[in-house]
Amino acid sequence: MARSLFVAALLGATACSAEPQASAAAAPAATGKPFVETVVADFDSPWAMTFLPDKRMLVTEKDGRLLLVSADGKARSTIATLTVDTAGQGGLMDVVLAPDFAKSKRVYLSWAATGPGGKGVVLARGVLDDATVGAEKLRQIEVLFRATPFVEGNGHYSGRIAFSPAGKYLFFTNGERQKFDPAQDPRATLGKVLRLTPDGKPAPRSPLTAKGFNPAVWSYGHRNLLGIAFDAQGNLWEQEMGPKGGDELNLVLPGRNYGYPKVSNGDHYDGRPIPDHQPGDGFEAPKVWWTPVISPGGLMIYSGDLFPQWKGDAFIGGLSSQALVRVDLNGTNAKKGDQWDMGARIREVEQAPDGAIYVLEDGAQGSQGRMIRLTPAR
């Protein structure tokens, strides 16, 4: 696919992947990058964003606010305030438009919630009422799906959403909640990629149901899955935080076991080793992995024309690495590309309708929470 423009810089040699260490204040943009960085807006602790057909944007804030932002970033309004659990890694998370949004006006969301047993991630949707300019609201909000089981703790919710290319299925990531074993438990949805209908029901004909798995489970043995996206060929890609080392980019295949916590290219934080992925071990190995870690945030697969040399490549936001990471995708194969120092924790990466790349700083540990537009350097 695209040729690497720079040698990838290995950042964050001592940073933990799931619990990134505190970083220095955001530094000025480095020179020599193949893109120009333009600050569009500044938020508190944004988590995700998506573009509306008219180029306005929806942005989620960790505290539970869903914001409608003008195309130029100069105006915003709160169109919904959700009751979410904000402790630790909790909060309002992903936001994705329904495939038939032009007709249905449906918007899908995920967030951390409390309930019997503790806490967990939920999938919900609402309808954007934008008939009156200046009075837009997200209405008819309903919870469609809850991770099982709810457990104690404040980490590894995951909560990323992606629709299949034809819009028939919704894929939803559930992290293993820092509990390790649920990733291999067939009854739990934790540590799994789930395949649901747009109404949040388990999609029929799961490849694992006959083996006693929850009928929503599509793949398992995952850790903290903070990015999921389809490429133009219909391949499903997912990236996740490894433990102490071993961040991963995976090609998600139905019914496959990705190994955690039985195998990983990282080790436990307390120093206990985890066996590495090995050929023939019965587990699906990552296509690309990172040690030192990048602490991967959002995932986007580029399809625009503004950066033609990167069409079809994956872009990952780096948290502890404070980086934007590019991965060359070629069919079902992948290899590391560029890694650009962004001077702040990057939580989200999105493609604008005109092909520009947008990144969101996450507003934590010295990161300001800005939305930055990337366009080609001239």
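The first residue of the sequence shown is numbered 1, and numbering continues consecutively from there. This structure is a prediction, so every number in the text was calculated from the model and none was measured.
- Taking a cutoff of 4.0 Å between a charged side-chain nitrogen and a carboxylate oxygen, Arg160 and Glu348 qualify as a salt bridge.
- When side chains are defined from C-beta on, Asp94 does not count as touching Thr60, because their heavy atoms never get closer than 4.5 Å.
- Taking hydrophobic clusters as Ile, Leu, Val, Met, Phe, Trp and Tyr residues chained together by side-chain heavy-atom distances below 4.5 Å, Leu97 does not share a cluster with Val127.
- Results of the salt bridge (charged side-chain N to carboxylate O under 4.0 Å, His left out) test with Asp130 over Lys105, Arg139, Lys137 single out Lys105 as the only residue that passes.
- Here OH of Tyr260 is found 12.5 Å from CG of Asn265. Values are rounded to the nearest 0.5 Å.
- Side-chain atoms of Lys62 come within 3.5 Å of backbone N or O of Thr86 as a donor-acceptor pair.
- In this structure a side-chain-to-backbone donor-acceptor pair under 3.5 Å is present from Ser70 to Ala75.
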Next item on the list: Evaluate side chain to side chain contact (heavy atoms under 4.5 Å, CB included) for Val217 paired with Leu194, printing each intermediate quantity in order.
Entry: CA-CA 5 Å; Val217 175; Leu194 310 180; 4.0 Å; yes
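- Relative orientation of the Phe171 and Tyr169 rings is perpendicular, given thresholds of 30° and 60° on the angle between their planes.
- When all heavy atoms are compared, the tightest approach of Trp47 to Leu92 is CB-O, 3.5 Å.
- A donor-acceptor pair is defined here as one N or O able to donate and one able to accept, closer than 3.5 Å; no such pair exists between the side chain of Arg223 and the backbone of Ala183.
- Atom CG of Asp305 sits in a sparse spot, with 12 or fewer heavy atoms from other residues, nucleotides or ligands closer than 6.0 Å.
- Both tests hold for Arg177 against Tyr157: distance to the six-membered ring centre under 6.0 Å, angle to the ring axis within 45°.
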Notebook entry, point to check: Should Lys336 and Trp290 be marked as a side chain to side chain contact (heavy atoms under 4.5 Å, CB included) after you check the CA-CA gap, both sets of side-chain angles, and the distance that decides it?
Noted result: CA-CA 9 Å; Lys336 293 179 183 178; Trp290 290 266; 3.6 Å; yes
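- Considering every non-hydrogen atom in both Gly266 and Pro243, the closest pair reads C-CG, 3.9 Å.
- Under the 4.5 Å side-chain criterion, counting only non-hydrogen atoms from C-beta, Thr173 is not in contact with Val121.
- The line from CG of Asn235 to CG of Leu329 is 8.5 Å long, rounded to the nearest 0.5 Å.
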Margin query: Is there a side chain to side chain donor-acceptor pair (under 3.5 Å) between Asn250 and Glu240? Walk through the geometry before answering.
Written below: CA-CA 8 Å; Asn250 291 302; Glu240 64 190 77; 3.3 Å; yes
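- Within the 4.5 Å cutoff, no side-chain heavy atoms of Trp289 are placed close to those of His277.
- In this structure, Glu350 contributes its side chain and Phe51 its backbone to no donor-acceptor pair below 3.5 Å.
- In this structure, the side chains of Thr189 and Phe145 come closer than 4.5 Å at one or more pairs of heavy atoms.
- Taking 4.5 Å as the limit, every side-chain heavy atom of Phe307 sits out of range of all side-chain heavy atoms of Asp313.
- Taking CD from Glu37 and CH2 from Trp340, the interatomic distance works out to 11.0 Å, rounded to the nearest 0.5 Å.
- Counting all heavy atoms, side chain and backbone alike, His222 lies closest to Glu176 at O-CG, 3.6 Å.
- A salt bridge links Arg373 with Asp354; the closest basic N to acidic carboxylate O contact falls under 4.0 Å.
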Next item on the list: Could you check Asp199 against Thr197 for side chain to side chain donor-acceptor pair (under 3.5 Å), going step by step and ending with a plain yes or no?
Entry: CA-CA 5 Å; Asp199 293 329; Thr197 69; 4.8 Å; no
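- Rounding to the nearest 0.5 angstrom, the gap separating the OG atom in Ser77 from the CD atom in Glu136 is 5.5 Å.
- Two residues are said to be in side-chain contact when any heavy atoms from C-beta on lie closer than 4.5 Å; Leu66 and Ile79 meet this criterion.
- With hydrogens and angles ignored, the 3.5 Å screen pairs a side-chain donor or acceptor of Gln351 with a backbone N or O of Ser303.
- The only option from Arg347, Gln368, Arg370, Gln322 that meets the side-chain hydrogen bond (donor to acceptor under 3.5 Å, both in side chains) definition with Glu361 turns out to be Arg370.
- Connection of Met342 to Val39 is established within a shared hydrophobic cluster, with ILVMFWY side chains joined at heavy-atom distances below 4.5 Å, either directly or through further cluster members.
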Next item on the list: Kindly determine whether Leu128 and Leu52 satisfy side chain to side chain contact (heavy atoms under 4.5 Å, CB included), including the steps that lead there.
Entry: CA-CA 11 Å; Leu128 180 60; Leu52 296 174; 4.2 Å; yes
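- Under the 4.5 Å side-chain heavy-atom criterion for ILVMFWY residues, a single connected hydrophobic cluster contains both Phe230 and Ile228.
- Rounded to the nearest 0.5 Å, atoms CG (Leu208) and CZ (Arg256) are 11.0 Å apart.
- A salt bridge is absent between Lys244 and Asp270; no separation between the charged side-chain nitrogens and carboxylate oxygens falls under 4.0 Å.
- Among all heavy-atom pairs drawn from Pro215 and Ser206, the shortest one is O-CB, 3.4 Å.
- Between Pro296 and the options Asn224, Leu249, Leu226, Ile316, a side-chain contact (heavy atoms from CB on, under 4.5 Å) holds for only Ile316.
- Ile301 and Ile294 fall within a single hydrophobic cluster, where Ile, Leu, Val, Met, Phe, Trp and Tyr side chains are chained together by heavy-atom contacts under 4.5 Å.
- Using modelled atom types, one side-chain atom of Lys192 and one backbone atom of Asp185 make a donor-acceptor pair closer than 3.5 Å.
- By the 4.0 Å N-to-carboxylate-O rule, Arg65 lies close enough to Asp63 to be salt-bridged with it.
- Contact record, Val359 with Ile346: CB-CG2, 3.9 Å, taken as the closest heavy-atom pair.
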Item checked: Derivation of the side chain to side chain contact (heavy atoms under 4.5 Å, CB included) call for Val36 and Leu374 -> CA-CA 5 Å; Val36 174; Leu374 310 182; over 6 Å; no
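- With hydrogens and angles ignored, the 3.5 Å screen pairs no side-chain donor or acceptor of Glu248 with any backbone N or O of Gln239.
- Looking at Phe283 and Pro275, their side chains never come closer than 4.5 Å, going by heavy atoms from C-beta outward.
- Using a cut-off of 4.0 Å between Lys/Arg side-chain N and Asp/Glu carboxylate O, Asp328 and Arg326 are scored as salt-bridged.
- Using a 4.5 Å heavy-atom threshold, the side chains of Tyr258 and Glu238 count as separate.
- For the atom pair CG of Leu190 and OG1 of Thr148, the computed distance is 6.5 Å after rounding to the nearest 0.5 Å.
- Taken together through direct or relayed side-chain contacts under 4.5 Å among Ile, Leu, Val, Met, Phe, Trp and Tyr, Met49 and Leu138 form parts of separate hydrophobic clusters.
- Between Gly242 and Tyr269, the shortest heavy-atom contact is O-OH, 4.3 Å.
- A side-chain donor-acceptor contact under 3.5 Å links Arg125 to the backbone of Pro198.
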